[in-house]
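The structure appears below as C-alpha cells.
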Amino acid sequence: MELENLLNKYFGYKTFKTGQKEVISSLLGGNHTIAMLPTGTGKSLCYQLPGYCLDGQIIIISPLLSLMQDQVEQLMKFGEKRVIALNSFLDAEKRGYVLRNLTKYKYIFVSPEMLSLPIIMKRLQALSVSLFVVDEAHCISQWGFDFRPEYSKLGEYRDQLGNPLTLALTATATKKVREDIIQSLDLQNYTKIESTIDRPNIAFYIEEVPNYYDKQSRLIELVCQLQKPGIIYFSSKKIAEQMASLLADKGISRAMAYHGGLDQEQRILIQQQFIHGQLDVICATSAFGMGVNKENIRFVIHYHMPMQMESYLQEIGRAGRDGEKSIAILLYSPGDEQLPVQLAESELPSEQQIDWLFSYFPKEEKLIDHFLEMNQHLREDGGFSEIQWRIIQDFIKKPLEIYSLEHLKKGLKDFVNDRLKVKKGSIHYLKKWIKSESCRRELILDYFDEEPVKGRNQNCCDVCGIQFEQYHAQAGIQSYPVKDETWKDYLANILLNREMSK
DNA sequence: CGGTAGCAAGCTACCTTGCTACCGGTGCTGTAGT
C-alpha cells in the first residue's frame, strides 16, 4: 500500500509534513536512520506509521514520563490500543500483568533507566523488536555522560535486544551530538535526514545590561511591552518563583513559575493553563519545554544564559511554531557566565572528593566492585550529590585493562576534567556568541554546520538591525490588560531602593 | 561569581552595618521491611 494511503487510513492526514516520508521510507528500506526534524513537524509519526508495516514490536525510548503518557494518549486517540508506557507509574500488579503480556502490545514506551533493569530487559528480549526508537536523541549527548548515564548505554541495550532497526529522532543535532548518538547507539551504517535548524520568523536580540538591578527592571519593562504569550528562562528556581509572583502580584501579567521542584500535578496544571491561554508568561527553568506544543508563543526571554548553544536553540525554538513573527531575547550582564560554570562544576566530583574517597578504597581488586554499594555512608560523609556519586559508581564499574588503584583514580580524574573542559567550552562559546558583533543567526548556523541563509529577512537580529516595536503588544490585541502605572511605580521603587543602598 | 540569609556587633533604644557561609539546573528508579 502507498504510504499516503496508510497515512490517511490510520491517521486521517492527506499529506506528509517535511521530512516524514523520507524518514519512513528510509526505515522501511531497512536503514538505521538519524532524523533531525524541527520541533512541531510531527516526529512521532515517523515511528507510529511504520508500526503498521512492520511485524513485531516497536520500542520507544523516551526521556520523560510525561512525554510517554502524552504519546500513549496520542496513539490511543488515533484508535491504537496496543500501546503501553512501561514505567514507574504502573503499580506492581499492573506491571506484572504488562510484563507477562508484552506480546499484546505493539508500541512500548520505556525510559533508559527501565532498560537497565535485568527483569525488564529479560522480558523485552523475548519479543521480536522490529524498531528501536530513541526520541529526543540529543539527550544521549546532553545527559548521557553524567546526569543520566543510562543514556550512554543505549547501545548495550540495543545489542541485548539483537541490534534491531533503529531510529534516532531529534530537533537539535550538531556534528558533535550526532557523533555521540552514533557512538552510543553503535550504529555502523545509517541514513541521515536533516532539515535546516533556521527559524526565519524568530528574531534574535541580545541586550547587555550593566548589573542585576537593571536586568530585573528591564525584564519587567519587556514583559509589559511585548506581545504575549511568552516564556522566560532562569537558571534558578528561586528567582523564577520570585519573578513570577512579582509579575502576577503587580498585575503585569498572568504569570506562573515552572521548575523541577514542583510536584508532578502542579507541573501538569501550569503547563496546561499556559497551553490553553490561561497564563501569559511562564517563568521557567530548563525543566520546561519538552513536549510543550503551543503554537503562538511570541517571545522567549533568557534571564540567565543557558549552558550550551544546543539548549539555547531548543528553548528559543518553542517560539513561533505558527510561523508568525516572534522574538528571542537574551539579557546579559557581566559575569553571568559564572553561574553555569558553577553549576557545571558542582555536578562533577571535585579532585579533593576523589582523593578523599580513594583513601578508603580496598587494596584488593576483587573487593572493589561492590565497595561503594556496601559503603553508602561514604556518600554522605564525603558530601557527594546523587549525581556525583553515580558518576563515580559508573566509572568504577567500567572494566579497566590493567588494574591499579592509582590507575583508576587517575582515570576518574581525567574523565571529570574532560567533562568539565567540554562543559566550560560550551559556556565559553555562548559567551563569545553574546559578545560577537556579527550576525547572530549566521553564527548559530555556522555552529550547526549549516550554510548561511541567502537573502536576510527584515528582522534578523540586533546586529543586522531589527524593528523592536513590531514585537510590542498592540492595543486591542493584548489578551490581558496591562496596568501601566503599576509597573512604573514598581520600577521607580526598585531604582529608589538601589539609590538608597549605594 | 554574586546574591542573600543569618547572625553578631555596633549604635543607640530599636535599627543599621558588617561578616561569613552557603547556594545556584535538568529525571529516572524493585524490593527494603513492618
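Quick note on labels: first sequence line is chain A, next is B, and so on, each numbered from 1.
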Indicate, with a heavy-atom threshold strictly under 4.0 Å, whether A:Met114 touches base, sugar-phosphate, or nothing.
sugar-phosphate
Touch class at under 4.0 angstrom, heavy-atom based, for A:Arg390 against every strand present
base
For A:Leu86 and A:Val98 the tightest heavy-atom approach is CD1-CG1, 4.0 Å
Using the C1' atoms only, state how far B:dA13 lies from B:dA9, rounded to an integer number of Å.
15 Å
Applying salt bridge (Lys or Arg N to Asp or Glu O under 4.0 Å) to A:Lys431 and not counting sequence neighbours gives A:Glu337
Going by side chain to side chain donor-acceptor pair (under 3.5 Å), name the residues that satisfy it together with A:Tyr107, two or more places apart in sequence or in a different chain.
none
Work out how far the P atom of B:dG25 is from that of B:dT29, and round it to whole angstrom.
23 Å
Please output the side-chain donor-acceptor pairs of residues 265-272 of chain A that fall under 3.5 Å, not counting sequence neighbours, one pair per line with the distance.
residue  : atom : partner  : partner atom : Å
A:Gln266 : OE1  : A:Asp263 : N            : 3.4
A:Arg267 : NE   : A:Tyr258 : OH           : 3.2

Using atom C1' in both nucleotides, what's the gap between B:dC11 and B:dT17 to the nearest angstrom?
10 Å
Under the ring pair (Phe, Tyr, Trp, His ring centres under 6.0 Å) rule, what pairs show up with a residue in residues 296-317 of chain A, not counting sequence neighbours?
A:Tyr233-A:His302, A:Phe234-A:Tyr303, A:His302-A:Tyr312, A:Tyr312-A:Trp433
Among all residues two or more places apart in sequence or in another chain, which pass the side-chain contact (heavy atoms from CB on, under 4.5 Å) test with A:Gln353?
A:Pro349, A:Ser350, A:Phe384, A:Gln388
Short of 4.0 Å, heavy atom to strand atom, which residues of residues 331-343 of chain A count as contacting DNA chain B?
A:Gln338, A:Leu339, A:Gln342, A:Leu343
What contact category does A:Ile239 fall into here, base, sugar-phosphate, or nothing, at under 4.0 angstrom with non-hydrogen atoms?
nothing
Using a heavy-atom cut-off of 4.0 Å across all strands, would you classify A:Glu386 as base, sugar-phosphate, or nothing?
base
Under the salt bridge (Lys or Arg N to Asp or Glu O under 4.0 Å) test, residues paired with A:Glu156 that sit two or more places apart
none
A:Pro63 or A:Ile120, whichever maps to the more 5' nucleotide of DNA chain B
A:Pro63
With heavy atoms under 4.0 Å as the rule, sort A:Phe234 into base, sugar-phosphate or nothing.
nothing
Going by side chain to side chain donor-acceptor pair (under 3.5 Å), name the residues that satisfy it together with A:Ser88, two or more places apart in sequence or in a different chain.
none
With a non-hydrogen cut-off below 4.0 angstrom, is A:Glu347 in contact with a base, only sugar-phosphate, or nothing?
base
Specify the glycosidic conformation (syn or anti) of B:dG10, with syn defined as within 90° of 0.
anti
Taking salt bridge (Lys or Arg N to Asp or Glu O under 4.0 Å) as the test, write out the residues that go with A:Arg158, two or more places apart.
none
Please give the distance between the C1' atoms of B:dC14 and B:dA8 as a whole number of Å.
16 Å
Classify A:His259 by what it touches in the nucleic acid, base, sugar-phosphate, or nothing, heavy-atom distance under 4.0 Å.
sugar-phosphate
Between B:dG27 and B:dT4, how far is it from one C1' atom to the other, in whole Å?
28 Å
Restricting to pairs with a member in residues 90-100 of chain A, which pass side-chain hydrogen bond (donor to acceptor under 3.5 Å, both in side chains), not counting sequence neighbours?
A:Tyr97-A:Lys104
Considering only heavy atoms of chain A and a distance under 4.0 Å, specify the first and last nucleotide of DNA chain B in 5' to 3' order that meet this criterion.
B:dC1 to B:dT31
Intermediate values then yes/no, side chain to side chain donor-acceptor pair (under 3.5 Å), A:Thr172 and A:Glu310:
CA-CA 6 Å; A:Thr172 347; A:Glu310 286 84 346; over 6 Å; no
Which sits closer to the 5' end of DNA chain B, A:Ser235 or A:Leu86, going by the nucleotide each is nearest to?
A:Ser235
How does DNA chain B look in dot-bracket notation if pairs are Watson-Crick or G-U with both distances under 3.5 Å, crossing ones as [ ], other-strand ones as |?
((((((((((....))))))))))..........
Salt bridge check, A:Asp449 against A:Lys175: does any charged N sit closer than 4.0 Å to a carboxylate O?
no
